[in-house]
Trainee: 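Before anything else, here's the structure in question.
The structure displayed is predicted, hence computed values, not measured ones. Throughout, protein chains are lettered first and strands after them, A, B, ... in sequence-line order, and every chain is numbered starting at 1.
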Protein chains: 2
Amino acid sequence: MPGVQTPTLRDVADAAGVHPATASRALNPATRGLVNADTARRVIKVAESLGYRPNPIARGLKTAKSGTVGLVIPDLTNPLFPPIVRGIEDVLEPAGYSGLIVNTDNDPSRERAQIETLRSRQVEGFIVATALLDHPLLDQLRREGVPMVMVNRRPDGLDVPSITPDDAAGVELAVRHLAELGHRRIAHLAGPANTSTGVIRARSFRNTVRDLGLDEDPALTATCSYWSEAAGAAALRSLLDSGAEFTAVVAGNDLIALGCYDVFAERSIECPRDVSVVGFNDMPFLDKLRPPLTTLAVPHQQIGAEAARMLLDAIRDPSRPARSVLLPLSLVVRGSTAPPGASAVE
Amino acid sequence: MPGVQTPTLRDVADAAGVHPATASRALNPATRGLVNADTARRVIKVAESLGYRPNPIARGLKTAKSGTVGLVIPDLTNPLFPPIVRGIEDVLEPAGYSGLIVNTDNDPSRERAQIETLRSRQVEGFIVATALLDHPLLDQLRREGVPMVMVNRRPDGLDVPSITPDDAAGVELAVRHLAELGHRRIAHLAGPANTSTGVIRARSFRNTVRDLGLDEDPALTATCSYWSEAAGAAALRSLLDSGAEFTAVVAGNDLIALGCYDVFAERSIECPRDVSVVGFNDMPFLDKLRPPLTTLAVPHQQIGAEAARMLLDAIRDPSRPARSVLLPLSLVVRGSTAPPGASAVE
DNA sequence: GACATTGCTGCAATCGACTGCACAAACCGC
DNA sequence: GCGGTTTGTGCAGTCGATTGCAGCAATGTC
């Protein structure tokens with residue numbers, strides 16, 4: 001004998017002696033009021049005893065709701081994203097939703113195709129965490145009224161809700177920390193200029209340096225072409241080669257800071273004696289580095305959770321106005337920052 | 001004017017002047033042969049020009065196929081899993097499938113509920129990467145003929161296909177490497193005894209030590225209660241406190257090895273001069289540690305990809321016999337291993 | 001006691017794609 | 001020119017749950 005088929009609504013209705021329509025109404029909290037309380041109770045009990053589980057596919061066909069949302073990220077392998085995804089899932093799941101993840105690898109055409117696939121799968125909304133999403137696509141989704149939330153990136157001029165860490169405040173924390181240690185000539189290895197994050201952090205760096213009365217010197221900023229160790233290393237090398245003098249570095253993110261570590265090893269610069277470094281993101285295991293990296297802790301999981309909540313809100317009430325949330329960061333002070341040592345760089 | 005509705009099969013059929021049934025057959029490669037070649041061509045062209053995308057929900061209702069599979073993992077936040085998931089998605093996506101991820105946190109009741117949810121979502125199969133899945137549940141799925149593949153874990157006595165790294169060969173590589181450096185007293189910090197991985201690695205450790213004629217001493221093995229830094233540190237402390245003498249440690253995995261680094265710092269033991277350490281998994285950024293950790297590189301992404309391929313095979317042909325695959329590892333030699341130094345540990 | 005109201009339940013259509021079956025047209029050979 | 005195939009297409013039912021509408025009984029009103 002083959003396994004028992006999972007029971008359908010009809011089975012429940014038959015067992016309870018009612019019509020499927022009645023069973024449907026009894027089981028759905030929103031329509032339960034239409035059914036006699038006793039009948040409803042009976043149906044519910046029967047449903048439980050049979051182990052009935054509504055088939056979301058069938059339901060989705062009629063209601064045009066799939067109970068899924070699309071998660072568009074560049075690459076799950078980047079340690080930034082797993083906690084975000086985890087936070088998202090933790091909110092979606094109790095709400096009866098699931099997330100469908102796609103990796104775009106920051107390839108616009110791939111991204112377009114992926115989004116197309118997700119749409120054909122009838123996702124009810126998107127959480128977009130890619131930096132390079134081209135606006136036409138975004139615009140189009142927006143115009144069609146597809147619910148959407150952006151993560152880690154503020155849409156400029158676009159009416160889309162977003163959840164981002166408070167990058168500006170974070171950079172300010174970092175610079176202030178270095179200033180309190182006594183640093184006056186602080187360099188910045190900025191993230192790519194075509195990412196909102198990179199631009200915002202760089203601007204905040206400039207502002208904070210000015211506000212605190214530190215040495216303002218454009219020559220102390222280098223811009224990385226990618227968010228990567230290699231790019232960070234290259235940027236630091238160019239800064240050193242240019243003869244610029246500084247006693248501390250604010251890196252655009254942790255990967256860029258890791259690139260600095262490589263250059264330190266290359267040129268026997270000792271951190272933090274010769275140069276202090278601050279990262280950004282607090283990736284896992286940074287405390288195991290030598291020296292442990294001072295960095296800004298971003299509440300990634302919370303960001304994901306908040307994004308999911310906002311998306312669910314938007315799905316339930318599409319007319320709800322777009323709201324953007326900045327989440328506060330905290331500075332994690334570790335061994336890579338210290339007062340400027342006796343010997344300066346170079 | 002609201003956005004144009006996405007076209008349905010009926011729209012395509014009307015536009016092509018045929019019956020929806022004919023359009024369906026023309027669009028489906030498997031049934032296309034039933035349709036006149038000219039008609040088929042015409043339908044396909046119309047479908048393309050309208051931008052028709054079949055609705056997988058509607059299709060799934062009739063065919064009882066959802067185009068989704070369940071990915072059951074303990075915690076996406078564990079750096080082990082993202083590359084595996086990525087490998088899985090990379091295979092599923094071109095096949096028209098999507099993965100639904102659930103995190104069990106190694107909680108059996110949560111796991112049960114999650115799997116139930118996935119089943120009600122009509123997933124066509126499972127890729128299971130949790131260590132603690134209780135057998136009754138597994139057995140039941142198996143009996144009901146639900147396609148399933150296990151990852152990172154060999155099912156003992158269960159007729160389920162699995163993809164695992166060749167743990168035994170990996171440990172052998174590690175021990176052999178240390179032996180070649182001149183180590184004779186090598187300790188092992190084994191993973192939990194209730195995980196197949198922990199047991200297999202420990203057994204291989206014993207075997208290799210014997211085969212190479214190194215010092216066999218049960219006092220040189222400590223078992224960790226979890227795969228974590230804290231447990232690794234605790235195990236190493238207990239080994240040191242017991243007065244055991246050794247010049248190298250084979251850690252059950254990288255986290256346990258990281259725990260060793262903490263203990264080294266605590267007790268001013270210098271690695272690798274005093275003790276060499278080998279990890280397992282090659283998590284990201286281990287090369288940034290001081291000293292960089294020698295470890296075994298596991299082809300996680302490849303494991304995921306292979307698992308997905310096997311699952312798709314099983315879905316297409318459920319009668320296909322269960323096959324288990326061992327993937328080879330490679331030793332990544334970095335700075336944490338060296339010939340035993342002048343001064344031995346305590 | 002006639003009639004309106006309320007409350008509950010059943011009927012049947014619907015969502016979009018798939019598919020077994022029937023049927024028409026074309027084609028075949030003799 | 002007639003039975004007998006192919007070949008191609010259409011019809012209609014199906015998957016499982018939802019929902020507008022109709023109908024029926026109980027209750028209320030005068």
Trainee: For a quick test of reading the model: is some side-chain N or O of B:Ser24 closer than 4.0 Å to OP1 or OP2 of C:dA17?
Mentor: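 Checking C:dA17 against B:Ser24, no side-chain N or O comes under 4.0 Å of OP1 or OP2.
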Trainee: Expressed as a whole number of angstroms, how long is the span from B:Leu9:CG to D:dT14:P?
Mentor: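 These atoms are roughly 19 Å apart.
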Trainee: On the nucleotide C:dG16, are OP1 or OP2 found under 4.0 Å from the side-chain N or O atoms that B:Thr8 carries?
Mentor: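 Negative; the distance criterion is not met.
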Trainee: With the threshold set at 4.0 Å, does a side-chain nitrogen-carboxylate oxygen contact exist between B:Asp105 and A:Arg86?
Mentor: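 So B:Asp105 pairs with A:Arg86 through a salt bridge.
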Trainee: Just how far, in rounded Å, is P of D:dG13 from CG of B:Leu61?
Mentor: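 Result: 17 Å.
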Trainee: With a cut-off of less than 4.0 Å, is there a side-chain N or O of B:Thr22 near OP1 or OP2 of D:dG10?
Mentor: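 Checking B:Thr22 against D:dG10: at least one side-chain N or O falls below 4.0 Å of OP1 or OP2.
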Trainee: Between D:dC11, C:dA17, D:dG16, which nucleotide gets closest to the side-chain atoms of B:Arg25?
Mentor: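 Of D:dC11, C:dA17, D:dG16, D:dC11 is nearest to the side chain of B:Arg25.
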Trainee: Is any side-chain heavy atom of B:Leu327 closer than 4.5 Å to one of B:Gln302?
Mentor: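 In short, these two side chains touch, coming nearer than 4.5 Å.
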Trainee: Taking the basic N atoms (NZ, or NE/NH1/NH2) and the acidic carboxylate oxygens, is any pair closer than 4.0 Å for B:Asp159 and B:Arg143?
Mentor: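 No, B:Asp159 and B:Arg143 are not salt-bridged.
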Trainee: Could you give the CG-to-C1' distance, from B:Leu34 to C:dT19, as a whole number of Å?
Mentor: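 Roughly 10 Å, once rounded to whole Å.
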Trainee: Tell me: NE2 of B:His19 to P of C:dC18, nearest whole Å?
Mentor: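 Going from B:His19 (NE2) to C:dC18 (P), I get 14 Å.
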Trainee: Hey, which of these two, B:Ile57 or B:Ala21, hits DNA chain C nearer its 5' end, going by closest nucleotide?
Mentor: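 Closer to the 5' end of DNA chain C: B:Ile57.
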Trainee: Rounded to the Å, how far apart are B:Arg10 CZ and C:dA13 C1'?
Mentor: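 Rounded to the whole Å, the gap is 13 Å.
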Trainee: Is the phosphate of D:dT9, meaning OP1 or OP2, less than 4.0 Å from a side-chain N or O of B:Thr39?
Mentor: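 For D:dT9, OP1/OP2 do have a side-chain N/O of B:Thr39 under 4.0 Å.
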Trainee: With a 4.0 Å cut-off, would you call A:Lys45 and A:Glu48 a salt bridge?
Mentor: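 The answer is no: the pair does not qualify as a salt bridge.
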Trainee: With nearest nucleotide decided by heavy atoms, which residue, B:Ala37 or B:Thr63, maps closer to the 5′ end of DNA chain D?
Mentor: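 Closest to the 5' end, via its nearest nucleotide, is B:Ala37.
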Trainee: CD of A:Gln122 versus P of C:dA17: gap in Å, rounded?
Mentor: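 Taking CD of A:Gln122 and P of C:dA17, I get 9 Å after rounding.
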Trainee: What is the distance, rounded to the nearest whole Å, between atom CG of A:Asn36 and atom P of D:dA26?
Mentor: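 My rounded result for the distance is 13 Å.
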Trainee: May I ask you to test the A:Val102-B:Glu93 pair for a side-chain heavy-atom distance under 4.5 Å?
Mentor: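 Counting from C-beta outward, A:Val102 and B:Glu93 never come under 4.5 Å.
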Trainee: So, does B:Arg59 get its side chain near the phosphate of C:dC18, meaning an N or O under 4.0 Å from OP1 or OP2?
Mentor: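 Yes, because at least one side-chain N or O of B:Arg59 sits under 4.0 Å from OP1 or OP2 of C:dC18.
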Trainee: Whole Å only: how far is the NZ atom of A:Lys62 from the P atom of D:dC15?
Mentor: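 Distance, rounded to whole Å: 17 Å.
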